[in-house]
Amino acid sequence: MSNDNEVVLDKGKRNDLKVKEERKEGEPTLAFIGASWAALLVGVTSYLIGLFNANMQLNEKGYYFAVLVFGLYSAISLQKAVRDKDEGIPVTNIYYGISWFALIVSISLMAIGLYNAGSIVLSEKGFYGMAFVLSLFAAITVQKNIRDTQRAREKD
């Protein structure tokens with residue numbers, strides 16, 4: 001079996017050749033990459049559709065939109081800083097600390113905003129909270145997949 005291609009014979013009456021490309025070491029599977037992107041799209045799209053249809057003033061909608069964008073950016077930034085440190089890539093302590101602080105602030109702003117939102121029913125608060133968390137987790141996973149894929153391709 002070679003590292004580049006694998007020949008598989010179909011067990012049917014015909015002998016069709018199927019070429020299967022093998023993943024490089026450390027590269028995520030296409031299924032995992034697709035699931036990560038789908039989770040990110042579902043989380044962000046659901047959050048934004050809920051926000052668009054919400055019975056809130058425009059400044060409230062702007063607040064929740066800004067918190068989502070801030071949360072996504074801070075989660076990706078923190079994931080990159082943590083991974084860089086783990087891999088021996090220099091990361092300043094101030095950047096590392098700011099990354100943690102920004103993520104904690106974004107999650108706190110979401111929690112405080114939802115707790116104090118008197119015009120939002122409890123089920124909507126749960127919806128926003130879950131869509132927010134799904135979006136953050138999926139953004140981290142997508143960024144990780146991109147980095148893993150790039151690193152696997154650079155090894156060749």
Side-chain angles (χ1 to χ4, degrees), residues 6 18-156:
E6 177 182 307
K18 296 180 183 179
V19 177
K20 177 184 173 189
E21 282 192 40
E22 289 187 19
R23 287 183 300 115
K24 294 172 178 45
E25 184 179 340
E27 185 177 17
T29 64
L30 287 177
F32 188 65
I33 292 170
S36 301
W37 276 102
L40 180 61
L41 291 174
V42 166
V44 171
T45 302
S46 298
Y47 187 94
L48 294 177
I49 289 171
L51 200 56
F52 179 77
N53 291 318
N55 191 16
M56 298 180 200
Q57 293 182 1
L58 192 55
N59 62 339
E60 288 178 281
K61 289 182 180 185
Y63 171 82
Y64 287 108
F65 177 74
V67 169
L68 175 67
V69 172
F70 180 44
L72 291 173
Y73 180 79
S74 63
I76 291 169
S77 183
L78 177 61
Q79 192 272 345
K80 183 183 179 333
V82 167
R83 184 147 177 195
D84 283 352
K85 279 185 93 166
D86 185 57
E87 293 175 355
I89 299 170
V91 176
T92 63
N93 287 334
I94 189 74
Y95 184 80
Y96 186 70
I98 288 172
S99 296
W100 269 110
F101 178 74
L103 183 63
I104 291 167
V105 167
S106 69
I107 293 169
S108 297
L109 286 171
M110 177 59 77
I112 292 167
L114 291 175
Y115 180 79
N116 290 316
S119 63
I120 302 176
V121 296
L122 191 57
S123 60
E124 286 181 51
K125 290 179 181 184
F127 164 79
Y128 285 115
M130 291 308 296
F132 182 73
V133 170
L134 174 62
S135 298
L136 294 185
F137 180 76
I140 291 168
T141 307
V142 165
Q143 195 274 339
K144 179 192 177 308
N145 288 342
I146 290 170
R147 186 163 173 169
D148 287 347
T149 301
Q150 180 181 357
R151 173 151 291 162
R153 290 182 182 165
E154 287 174 354
K155 285 183 180 179
D156 287 340

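Numbering of residues begins at 1 and proceeds along the displayed sequence. It should be emphasised that the depicted structure is a prediction, and the values quoted were computed from it without experimental measurement.
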Distance, nearest 0.5 Å, that separates [atom1] of [X] from [atom2] of [Y]:
X      : Y      : atom1 : atom2 : value
Thr141 : Ile76  : OG1   : CD1   : 10.0 Å
Ile112 : Ile107 : CD1   : CD1   : 12.0 Å
Ile140 : Asn145 : CD1   : CG    : 12.0 Å
Leu72  : Leu68  : CG    : CG    : 4.5 Å
Ser77  : Ile98  : OG    : CD1   : 9.0 Å

For the [atom1] atom on [X], are there more than 12 heavy atoms of other groups (residues, nucleotides or ligands in this structure) within a distance under 6.0 Å?
X     : atom1 : answer
Asn93 : CG    : no
Ile94 : CD1   : no
Asn59 : CG    : yes
Tyr73 : OH    : no
Glu87 : CD    : yes

Side-chain donor-acceptor pairs under 3.5 Å in residues 126-138, sequence neighbours left out?
unit_1	atom_1	unit_2	atom_2	d
Tyr128	OH	Gly50	O	2.8
Tyr128	OH	Leu51	N	3.4
Ser135	OG	Gly43	O	3.4
Ser135	OG	Val44	N	3.2
Ser135	OG	Ala131	O	2.8

Which atom of [X] lies closest to which atom of [Y], heavy atoms considered:
X      : Y      : result
Ser119 : Glu60  : OG-OE2, 4.0 Å
Asp148 : Pro28  : CB-CD, 3.7 Å
Val67  : Ser106 : CG1-O, 3.6 Å
Ala81  : Tyr95  : CB-CE2, 4.0 Å
Arg147 : Arg83  : CZ-CG, 3.8 Å

Could you tell me whether the side chain of [X] and the main chain of [Y] form a donor-acceptor pair under 3.5 Å?
X      : Y      : answer
Lys125 : Ala117 : yes
Tyr64  : Tyr47  : no
Thr149 : Ile146 : no

TODO: State, with a plain yes or no, whether a side-chain heavy atom of Met110 is found less than 4.5 Å away from one of Leu114.
DONE: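 Met110 reaches Leu114 side chain to side chain.
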
- [ ] Taking the side chain as every heavy atom from C-beta outward, state whether Asp84 and Tyr96 have any pair of such atoms under 4.5 Å apart.
- [x]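 Not in contact.
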
Task: Non-neighbouring partners of Phe70 that pass ring-ring contact (aromatic ring centres under 6.0 Å, His included), sequence neighbours left out - done: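 Not a single residue meets the ring-ring contact (aromatic ring centres under 6.0 Å, His included) criterion with Phe70.
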
Open item on the list: Going by side chain to side chain contact (heavy atoms under 4.5 Å, CB included), name the residues that satisfy it together with Leu58, two or more places apart in sequence or in a different chain.
Closed with: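 Per chain and number, Leu58 pairs via side chain to side chain contact (heavy atoms under 4.5 Å, CB included) with no residue.
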
